[in-house]
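Accompanying notes for the structure given below.
By convention in this document, chain letters (A, B, ...) are assigned in the order of the sequence lines, proteins followed by strands, and residues within each chain are numbered from 1.
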Amino acid sequence: MSSFLARERTIASPGFSRWLVPPAAIAVQMCVGEIYGFSVFNIPLTRAIGITRSIPGQDWTVPHVVLATYSFGLVMLGLSAAFLGKWVERVGPRRTMVTAAGCFCSGLVVASCGVHFHSLGVVALGYGAIGGIGLGLGYIAPVSTLVKWFPDKPGMATGLAIMGFGSGALVGAPFGVELMAHFRTAASVGVAEAFLVMAACYFVMMNFAAWIVRVPPADWRPEGFVPSAAPGRLITTAEVEADQAMKTPQFYLIWGVLCCNVTAGIGILAQASPMCQDMFGVSAVVAGGFVGLLSIFNMAGRFLWSSASDLTGRKTMYCIFFVLGCSLYSLIPVSQRIGSVALFVALTCVIISMYGGGFATVPAYLRDLFGTVQVGAIHGRTITSWSMAAVLGPQLVTYLSAYQRAHGVPRAEAYNSTFHVMAGVLLLGLVCNLFVRPVHSRHHAP
Amino acid sequence: MKRTSPLAVALAFLVVALPLGWGLYRSIRNALPLFTGAPPAAAPAAPAPK
């Protein structure tokens, strides 16, 4: 078993099709991306004792559930990706995917026990801590593998992988709802049982990915691919190691670029449902449909924008994200004033597609600047900015809209100042991006 | 040299496309009322999804 997982055993033999690797990457990312759809469990978890209603003092509250699962899980994702990135590069994708499957799925089993015995600490230990480590490993392993397989299309490759993560909510949320409906009884909300079934299904899917994944031989190149003799100014042919990358200003500029991009997008994503209801008076069901639509654009943007960055270059693509995003954010209050839901939906869908595109283009940007050898480890360290943005974005939207309402601004207009702040955050990201220059040769590995 | 069969590649894509297609179908079905003039809500806003 140990030798089956060894990196040497995953080196592709001649004739292996690199197109087997994208489905492996999508499979793993789709499973760990379930965290995006975890909100479907929030309300049932607050009724674990009361079943039909939440019993104050005995049942958990939504903020406690979110903190123990979603927030804790995302923080652990960032930390494990940052600290285990070099290990991932050393042991290869197969061992990493199997470890990720073990952590993520055993985390779900432990969380299921936590729900059964009604212990939020055990749920946090399972889904947040153990599962969060699986999330981090599952997130970075496929990305660095695909970057190595597609030197001719790095943007498309990372877009494919990270699109899988975006699709996690599309699959995970309805799957969770169906399972809870199936297992719900007079004595159970069905969450514990749903976690167990999900753990089994995800374990099979992630190990399927580990089985088919391969890494290319060291000197491998796609058939007919000749690296450009004069690559773009920002595309290096040298290699920078992860520890050295952290000594460069480029690392922190990209960190800032990702943080601003994610903060602006996640602010809308986390508040999409109440925002749509407050601004246009639509029902909760219709607002739920709006959230689903955003998930589709989030997923599609990851592939389309990132693929387009192969043509435009990464720096130009981020300039487009920031300038266009800033303009669209400024237009949202207009859609509210003229009462156009369709315009609001169109604007937010494009913004969220660029949020996804920003996520997916980062690994290719890092690969351009630092080379491929430790791109997984560098990517892992960069996505700590995501953990910070996951806290910052929703807090900004919630605090600003609540402040506006407290000062007498009508409910429908309370988000307008938030949109202007988000536009400002994107301008800050644009400044970071404009300062990105090629990495100095003193940082290159000998 | 043993070449990977195109069928194996297609099957691998099918394994991920099936759940993805199902999720897409469910999401689009739920989003349709946005464009078909659903009546406004009487109830206050629901809690934020995370």
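Using a 4.5 Å cut-off on side-chain heavy atoms (C-beta onward), B:Pro6 and A:Trp19 make no contact. When side chains are defined from C-beta on, B:Lys2 does not count as touching A:Ser13, because their heavy atoms never get closer than 4.5 Å. Contact annotation: the side chain of A:Arg18 never approaches that of B:Thr4 to less than 4.5 Å [non-hydrogen atoms, C-beta and beyond]. The closest side-chain heavy-atom distance from B:Pro19 to A:Met205 is below 4.5 Å.
The two residues B:Ala12 and A:Ile212 come nearest to each other via the heavy atoms CB-CD1, 4.2 Å. Taking all atoms of both residues into account, the shortest heavy-atom contact from B:Ala8 to A:Leu20 is O-CD2, 3.8 Å.
For B:Trp22, there are no ring-ring contact (aromatic ring centres under 6.0 Å, His included) partners at least two apart in sequence or on another chain.
For chain A, the option among B:Val15, B:Ile28, B:Leu11 with the highest count of heavy-atom pairs below 4.5 Å is B:Val15.
For chain B, the nearby parts of A:Val171 are the backbone and the side chain; heavy atoms of each come within less than 4.5 Å. Looking at A:Phe208, the atoms closer than 4.5 Å to chain B (heavy atoms on both sides) all sit in the side chain, from C-beta outward. In this structure, chain B has a heavy atom under 4.5 Å from the side chain of A:Glu178, while its backbone stays farther away.
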Show me, pair by pair, the donor-acceptor contacts under 3.5 angstrom made by side chains of residues 287-299 of chain A, not counting sequence neighbours?
residue: A:Ser295; atom: OG; partner: A:Val291; partner atom: O; Å: 3.2
residue: A:Asn298; atom: OD1; partner: A:Arg302; partner atom: NE; Å: 2.9
residue: A:Asn298; atom: OD1; partner: A:Arg302; partner atom: NH2; Å: 3.1

